[in-house]
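Start at 1 and go down the list; that is how both ligands and their atoms are numbered.
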Amino acid sequence: MVDARFDAVRRDEYGYLDEDGLVYLDHTGAGLPARRQLRAHADRIAAHCHGNPHSEHPASVASTVLVERARRAVLDFFHASPDEYAAVFTANATGACRLVGEAYPFRRGTRLVLPIDNHNSVNGVREYARARGARIRYVGVSGPDLRVDEAALDRELGQRRGLFAYPAQSNFTGVRHPLEWIARAQERGWDVLLDAAAFAPTNVLDLAAARPEFVAVSWYKVFGYPTGVGCLLARRDALARLRRPWFAGGTIEAVSAQGGWHRMASDESAYEDGTLNFLSIPDVEEGLAWIDTLGMAAIHDHVEQLTARLLAGLARLRHRTGEPLVRVYGPTTSDRRGSTVALNILDAAGDVVDERVVARDSAGAGLCLRTGCFCNPGAGEAAFSIGRRTLRGAVLRTAASGGTLDDYLTRLGLPSGGAVRVSLGLSSNTADVDAFLDFVTRTYGDRAPDARDLAPRLRC
Ligand SMILES: Cc1ncc(COP(=O)(O)O)c(C=O)c1O
C-alpha cells in the first residue's frame, strides 16, 4: 500500500529536488537532508554558544550535554543498552572500520574472514590482519542473486577464530546478508564486525537481538546531514579486548611526556581522537528524531515498494527485437534485498554500453546515479564473472607494464569498466523511478549509444 505521507514529505522536506529538476538516484552514496534538519542546525548554533567539550566552562558543558544526548539517541535508535554497547563517534563508517582493524588483536594463528561482497573500507582491514600475521580468507558469492555461498562460509567459520566482517546489505547488489550469521559465528568463537552503512538507512537494526561485537555506520547515509559523522557501535566486552596502537588528545586518562607512559580512558572516549565534531554531532539526534517521526518500518516499506516498481520496470525494458535493454546484477525481486540496484545497459546486439556513456548521458538528463564498481571490487568481479586466476594475471601484467586502469580492464576482457547503480531512499518517489526507466528507453532503446569523447578511467 502506498503511504501518502511520503508525497507530503517529498514536497515539504526535499522540495529542493523538484525545484532543481533533479532525479536523485544515489541514496547508497548519500541520503538527503530534510529541510527541518538544516533549520534545526542553524537555529541551534545561532541561539547558543558551544565550545570545545574538553572543559568545564558553560559553553563547553553546553556542547558536552548535546554530544552525550546524541550518543544516547544513537544507542536507543539501535535498541542498544548503554551497559552493553558503547557508541563511539567517528568521521564515518570507514573510520569505524579502521578503529577495529588497527586495534583488533590479530596475530599469527588468527583469521580474518570476509565475503568478497564487501566495501573497500572493510576489505582494507585485511592489511592490519596481514601485517600481524593473521590469515585472510575470502568467501565467494554464487548464483544469479550473488549471495554468499553459505556452505563455504560455514567451512571458514569452522576453522580457527578471529574476526568475521560482512555487510548487512551489499552496496553493489543490494543483497541483504543474514543477520543470523552473527550468532552462528559467535557460537564458534568469532568476533563480528557488521558493516551497516548501506543497511541502516532503510532497515531496523536491533542490537539487543543481533548483538554483533562491532557495527559501522555513516550518518549522512541515513539522513543526509551532517556529513563527517559516523559511529562505531561496540560491545563493551569486545572494546575491552582491543589495543589501540596510539593515543591522542581526548583518548587518555593520564600521560607523561618524559616518563613515556600513558593510560587510555576507560570508556568510549579512548576511541575518539582529538576534538569531536561538536557542532555537528547534535544534528545526529535531530536526524534520528526525523527518522523516528516517519518510522523506520514505514521507510522500509516505502522504499521496498519503489524498488519493486523499479525491478519490474527494468524487466520490461526491451529492444524492438525483444532483446533485454538492461542486465541486473543480483536479485531481480524484492526478496531479501534492499533498494540498491546494479545494472548495465545493453545495446541491441546485447553488448554492454560503456558505463561512462551512461554516466555522461544521465548527468546531462539531470539524473544523479553512480557508475563504476562502487568501492566493492569483489561484488564487481563476481557480477562480471571474472575468476581469480584472470584477476591475478591482469594485476601482475598491469603492474609490470605500469599500465592504466583502462589497460587493466582490457586485460580482464571487460567491454565496460563497471556497472550503473540506481539506489532509492526515503525521499524517492514513483516519478523518480519512472524518470529513470524513461531515460533508459529514450536514450538507448534501439539506438546505437554515442561513445565519443570518453575520458580515461582514473579509478575503480
Ligand atoms: C556498505 C558500505 N560500507 C562502507 C561504506 C563507507 O562509508 P563512508 O565512505 O561513509 O565511510 C560505504 C559507503 O558507500 C558502504 O556503502
Would the Tyr444 and Phe439 ring centres measure less than 6.0 Å apart? yes
Quick test of your reading of the model: are Arg147 and Asp117 salt-bridged, counting only N-O distances below 4.0 Å? no
What residues sit with at least one heavy atom under 4.0 Å from ligand 1? Thr28, Asn92, Ala93, Thr94, His119, Ser121, Asn171, Asp195, Ala197, Ala198, Ser218, Tyr220, Lys221
When the aromatic ring centroids of Phe223 and Tyr225 are compared, is their separation below 6.0 Å? no
Between His50 and Phe278, is the ring centroid distance below 6.0 Å? no
Electrostatic pair Glu286:Arg35 at N-O distance under 4.0 angstrom: no
Quick one: side-chain hydrogen bond (donor to acceptor under 3.5 Å, both in side chains) partners of Asp267, sequence neighbours excluded? Ser269
